[in-house]
Protein chains: 2
Amino acid sequence: MNKTDEWLECLQSNGYRITAPRRVVIETMAQSQHVLNPFDVYEQARQRYPRLGLVTVYRTLEKLEELHLIQRVHQPGGCQAFIGAFSGHQHLLICVKCGRVEFFEGDENGIAELIDTISKKSGYKVKEHWLQLFGLCNQCQAEIA
Amino acid sequence: MNKTDEWLECLQSNGYRITAPRRVVIETMAQSQHVLNPFDVYEQARQRYPRLGLVTVYRTLEKLEELHLIQRVHQPGGCQAFIGAFSGHQHLLICVKCGRVEFFEGDENGIAELIDTISKKSGYKVKEHWLQLFGLCNQCQAEIA
DNA sequence: TTTTATGCAAAGTATTTGCACGGGA
DNA sequence: TCCCGTGCAAATACTTTGCATAAAA
């Protein structure tokens with residue numbers, strides 16, 4: 001089963017209805033390798049379903065985030081961008097030029113150790129962590145050269 | 001020399017003028033241990049300088065960020081918040097309840113190694129990285145208990 | 001048939017810009 | 001004095017809400 005169908009099923013099993021607008025938003029997000037903001041999604045999805053409203057995009061992204069199917073991506077220039085989430089904790093590698101995103105399994109041991117050390121030192125109860133790398137993807141490096 | 005004066009001097013040596021509004025914004029930011037958004041800064045700084053305009057806060061924060069005296073903090077709930085920057089690369093530990101921030105020197109070797117591995121694997125040219133931990137500070141843990 | 005979801009329009013926030021005046025150097 | 005910086009007001013951008021209609025189950 002592909003990602004789109006999985007997401008649709010997840011929506012449905014959480015009591016949400018499957019509709020044409022939701023389908024195109026989900027297809028857009030599920031297939032994208034790039035960070036997309038709500039307007040990006042709107043523009044892309046409208047190519048297949050022109051009646052789509054921007055409000056519906058906002059509302060659908062909200063639900064997908066709530067179901068952990070997508071995650072917010074924070075970038076130096078702003079944070080209202082999203083990318084599909086993977087199950088399990090994943091770290092991000094983001095191309096600052098084109099928005100392409102790769103996921104990588106962090107060196108979880110090393111990071112867990114680090115977090116442990118920091119917790120002890122600071123007294124904080126650490127609940128979440130983010131590791132994001134920014135750089136240029138292969139393609140963008142080639143274009144610049 | 002304290003942080004406020006250092007920042008003022010930095011502004012000046014970069015061709016910017018020192019004014020009363022800038023002074024209070026800088027004092028507010030330089031002294032805060034908490035993540036502050038532009039409106040927070042406005043409210044706090046206005047206690048000492050009531051004529052201050054919100055627009056000036058935006059413009060001053062912009063300059064401080066440009067001079068790397070403050071840095072943007074990205075949180076699950078939004079990103080338009082700032083905290084004083086330290087020299088050298090620092091990682092953040094943020095209290096999700098009160099906004100208090102601690103800096104820590106990452107295990108730079110471990111992270112550098114990780115970044116190196118990821119670069120080789122992905123082909124990306126990594127230029128920047130963020131590591132942010134979220135949790136509860138000592139005080140907020142006590143309040144909840 | 002019943003209830004949820006949609007899209008429009010409007011409202012609400014957040015941020016930026018234009019401009020005449022005021023204050024730093 | 002000269003020019004940069006300020007604050008107000010307005011413009012713009014972004015996001016959310018109200019509501020009548022349309023569509024899913």
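Residue numbers begin at 1 in each chain, while the letters A, B, ... track the order of the sequences.
- Put simply, A/V41 and A/L67 are part of the same group of oily side chains (I, L, V, M, F, W, Y) that touch within less than 4.5 Å, one to the next.
- Scanning both residues, B/A30 and B/T4, for their nearest heavy atoms gives CB-OG1, 3.8 Å.
- Here D/dA24 is the nucleotide among D/dA24, D/dG5, D/dA9 with the atom lying nearest to any side-chain atom of A/R17.
- Taking the six-membered ring for Trp and the full ring otherwise, the centers of B/H129 and A/H91 sit at least 6.0 Å from each other.
- Closest to the side chain of B/Y58, out of C/dG18, C/dT6, C/dT15, is C/dT15.
- Between B/R22 and D/dT6 there is a side-chain polar atom (N or O) within less than 4.0 angstrom of OP1 or OP2.
- Using a 4.0 Å heavy-atom distance criterion, A/Y16 is classed as a sugar-phosphate-only contact.
- Atom CZ of A/R46 is separated from atom P of C/dG7 by 10 Å (rounded to the nearest Å).
- Judged by closest nucleotide on DNA chain C, A/L54 is the one of A/L54 and B/Q12 placed further toward the 5' end.
- In this structure, of D/dT15, D/dT17, D/dG7, it is D/dT17 that holds the atom nearest to the side chain of A/V55.
- Side chain of B/R59, nearest nucleotide from D/dG7, D/dT16, C/dA5: D/dG7.
- Distances shorter than 4.0 Å separate none of the side-chain N or O atoms of B/T56 from OP1 or OP2 on D/dG5.
- Taking 4.0 angstrom as the limit, B/T19 places none of its side-chain polar atoms (N or O) nearer than this to OP1 or OP2 of D/dC4.
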